[in-house]
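Report on the structure given below.
Only this structure's heavy atoms are used, side chains among them; waters, hydrogens and symmetry mates stay out.
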Amino acid sequence: MMRFLLYLIVFFGFAYSIGHSFVLFKDKNKLGAFGMLLVGISIVVFSFFIQLK
C-alpha cells in the first residue's frame with residue numbers, strides 16, 4: 001500500500017512538472033521549461049532511491 005502511494009505521488013509530481021514545463025514552453029520561456037523538465041525527471045529518478053519499510 002505504501003509503495004502504491006509513493007508511486008502515485010511521484011506520478012502526480014512528474015505530471016505537474018511536465019504540464020508546467022509545457023506552459024512555460026508555450027510562453028516562450030525555454031530555459032524555464034527545460035528546468036521544469038529536469039525537475040520532473042529528477043522526481044522519477046530519485047524516487048527509486050527511497051527505501052520503504
Side-chain angles (χ1 to χ4, degrees):
M1 181 66 184
M2 290 297 289
R3 188 169 301 274
F4 174 73
L5 186 62
L6 172 71
Y7 288 142
L8 188 67
I9 292 170
V10 167
F11 173 73
F12 281 124
F14 178 70
Y16 177 79
S17 65
I18 294 299
H20 192 68
S21 175
F22 180 71
V23 169
L24 287 174
F25 188 75
K26 283 180 60 177
D27 289 339
K28 303 210 180 352
N29 186 354
K30 292 186 179 23
L31 185 62
F34 181 69
M36 284 306 293
L37 185 65
L38 287 178
V39 168
I41 291 172
S42 67
I43 288 172
V44 171
V45 169
F46 289 129
S47 70
F48 290 110
F49 292 118
I50 296 174
Q51 297 291 325
L52 295 177
K53 295 186 180 202

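When hydrophobic clusters are built by joining Ile, Leu, Val, Met, Phe, Trp and Tyr residues whose side-chain heavy atoms come closer than 4.5 Å, directly or via intermediates, Leu6 is grouped together with Ile41. Hydrophobic clustering of Ile, Leu, Val, Met, Phe, Trp and Tyr side chains at less than 4.5 Å, counting indirect connections, unites Phe49 with Val39. Note on Leu24 and Leu31: separate hydrophobic clusters, where clusters join Ile, Leu, Val, Met, Phe, Trp and Tyr whose side-chain heavy atoms are under 4.5 Å apart, directly or indirectly. Ile43 and Ile9 sit in two unconnected hydrophobic clusters of ILVMFWY residues. Membership requires side-chain heavy atoms under 4.5 Å apart, directly or through other members. Using a 4.5 Å cut-off between side-chain heavy atoms of Ile, Leu, Val, Met, Phe, Trp and Tyr, with links allowed through other members, Phe46 and Ile50 fall into the same hydrophobic cluster.
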*Report the C-alpha separation of Phe48 and Val44 in whole Å, then their side-chain angles, then the decisive distance to 0.1 Å, and conclude whether the side chain to side chain contact (heavy atoms under 4.5 Å, CB included) test is met.*
CA-CA 7 Å; Phe48 290 110; Val44 171; 4.2 Å; yes
Throw together a table of side-chain donor-acceptor distances under 3.5 angstrom for residues 13-21, partners on residues two or more places apart or in other chains.
unit_1: Ser17; atom_1: OG; unit_2: Gly13; atom_2: O; d: 3.3
unit_1: Ser17; atom_1: OG; unit_2: Phe14; atom_2: O; d: 2.9
unit_1: Ser21; atom_1: OG; unit_2: Ala33; atom_2: O; d: 2.8

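Few gaps surround CG on Leu8; more than 12 heavy atoms of other groups in view lie less than 6.0 Å from it.
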